[in-house]
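Numbers for residues simply follow the sequence, beginning at 1.
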Amino acid sequence: QVQLVESGGGLVQAGGSLRLSCVASGRSLATHDMGWFRQAPGKEREFVAQSSWTGAITDYTDSVKGRFTISRDNAKNTVYLQMNSLKPEDTAMYYCTAARETPVLRLGKGEYWGRGTQVTVSS
């Protein structure tokens, strides 16, 4: 059994930065794609970023390209999301997810999900 636990969210001003972390426990997810989704109040959950299991291939939703960076440390069973130049539009609950196949994660059908960490960006 695998559990994902996110941390690092908080309240920041526009233009600030946060680094989210997601730690997996139970077993190694080194061979899984890992990524992040977010959900703002009143909106559908949306894809944010993903990383292949090696970290060599990454992908981002257009709205965060150039500002967010996903990375992972498989030895620590952890994935990160470095968020720079934050905007109020980034305000959302951020969820960590893991999947055995890239398109499965991208479509929001990951095998494992965390319970989320709140990011609030003030203007």
Side-chain angles (χ1 to χ4, degrees):
Q1 185 176 6
V2 174
Q3 289 185 306
L4 304 179
V5 180
E6 304 95 334
S7 64
L11 174 63
V12 298
Q13 294 190 65
S17 298
L18 286 173
R19 189 184 73 161
L20 306 184
S21 298
C22 172
V23 180
S25 62
R27 73 175 184 88
S28 174
L29 296 181
T31 59
H32 283 61
D33 274 38
M34 298 192 72
W36 296 88
F37 278 70
R38 66 186 181 186
Q39 187 168 25
K43 295 187 177 181
E44 295 292 323
R45 185 172 59 182
E46 67 171 343
F47 168 78
V48 177
Q50 68 178 4
S51 172
S52 64
W53 68 271
T54 65
I57 302 173
T58 58
D59 193 25
Y60 303 88
T61 191
D62 287 344
S63 64
V64 308
K65 288 180 178 177
R67 299 189 297 119
F68 291 11
T69 302
I70 188 170
S71 61
R72 61 192 297 169
D73 185 340
N74 288 336
K76 297 181 178 179
N77 225 16
T78 301
V79 64
Y80 305 95
L81 186 67
Q82 178 67 46
M83 305 184 295
N84 298 327
S85 301
L86 283 162
K87 304 175 180 179
E89 308 93 88
D90 297 317
T91 295
M93 183 73 78
Y94 283 71
Y95 299 92
C96 176
T97 186
R100 288 176 288 182
E101 300 175 354
T102 297
V104 170
L105 188 151
R106 186 67 168 79
L107 294 172
K109 299 180 180 180
E111 185 176 1
Y112 305 108
W113 290 87
R115 294 190 175 186
T117 185
Q118 179 66 41
V119 172
T120 302
V121 184
S122 62
S123 59

Under 3.5 Å, is there a donor-acceptor pair between the side chain of [X] and the main chain of [Y]?
X     : Y      : result
Arg67 : Ser85  : yes
Gln82 : Thr69  : no
Asn74 : Thr54  : no
Thr97 : Tyr112 : yes
Glu6  : Arg115 : yes
Asn77 : Ala24  : yes
Ser51 : Ile70  : no

Check this for me, if you would: do Asp62 and Lys65 make a salt bridge, where the nitrogen-to-carboxylate-oxygen distance has to be below 4.0 angstrom?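 Salt bridge flag = yes for Lys65 with Asp62.
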Using the rule given for side chain to side chain contact (heavy atoms under 4.5 Å, CB included), can you reason through Thr91 versus Gln118, listing the C-alpha separation, both sets of side-chain angles and the distance that settles it, and then say yes or no? CA-CA 8 Å; Thr91 295; Gln118 179 66 41; 4.1 Å; yes
I need the [X] [atom1] to [Y] [atom2] distance, nearest 0.5 Å.
X      : Y      : atom1 : atom2 : answer
Arg106 : Glu101 : CZ    : CD    : 15.5 Å
Met34  : Ser52  : CE    : OG    : 12.0 Å
Lys87  : Ser123 : NZ    : OG    : 13.5 Å

If I compare all heavy atoms of [X] with all of [Y], which pair ends up nearest, and what's the gap?
X     : Y      : answer
Tyr95 : Gly114 : CD2-O, 3.5 Å
Gly9  : Val119 : CA-CG2, 4.1 Å
Ala99 : Val104 : CB-CG1, 4.0 Å
Val48 : Leu81  : CG1-CD2, 4.2 Å
Tyr94 : Arg38  : OH-NH1, 2.9 Å
Pro88 : Ala14  : CD-CB, 4.1 Å

If Ile, Leu, Val, Met, Phe, Trp and Tyr residues are connected whenever their side-chain heavy atoms lie under 4.5 Å apart, and connections chain through other members, are Tyr60 and Val121 in the same group?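 They do share one cluster, since a chain of ILVMFWY contacts under 4.5 Å joins Tyr60 to Val121.
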For the hydrophobic clusters of this structure (ILVMFWY residues joined by side-chain heavy atoms under 4.5 Å, transitively), does one cluster hold both Leu20 and Tyr80?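 Shared cluster, no.
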Do other residues, nucleotides or ligands put more than 12 heavy atoms under 6.0 Å from [X] [atom1]?
X      : atom1 : value
Leu107 : CG    : yes
Trp113 : CH2   : yes
Arg45  : CZ    : yes
Gln3   : CD    : no

Worked verdict on Arg72 versus Trp53 for side chain to side chain contact (heavy atoms under 4.5 Å, CB included): CA-CA 8 Å; Arg72 61 192 297 169; Trp53 68 271; 4.1 Å; yes
Within the structure provided, determine whether Ile57 and Gln50 are in side-chain contact (heavy-atom separation under 4.5 Å).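 No, too far: nothing below the 4.5 Å cut-off.
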For Leu29 and Leu4, run side chain to side chain contact (heavy atoms under 4.5 Å, CB included): C-alpha distance rounded to whole Å, both residues' side-chain angles, the deciding distance at 0.1 Å, then the answer. CA-CA 10 Å; Leu29 296 181; Leu4 304 179; 3.7 Å; yes
Would you check, one step at a time, whether the test side chain to side chain contact (heavy atoms under 4.5 Å, CB included) holds for Leu105 with Trp36? CA-CA 9 Å; Leu105 188 151; Trp36 296 88; over 6 Å; no
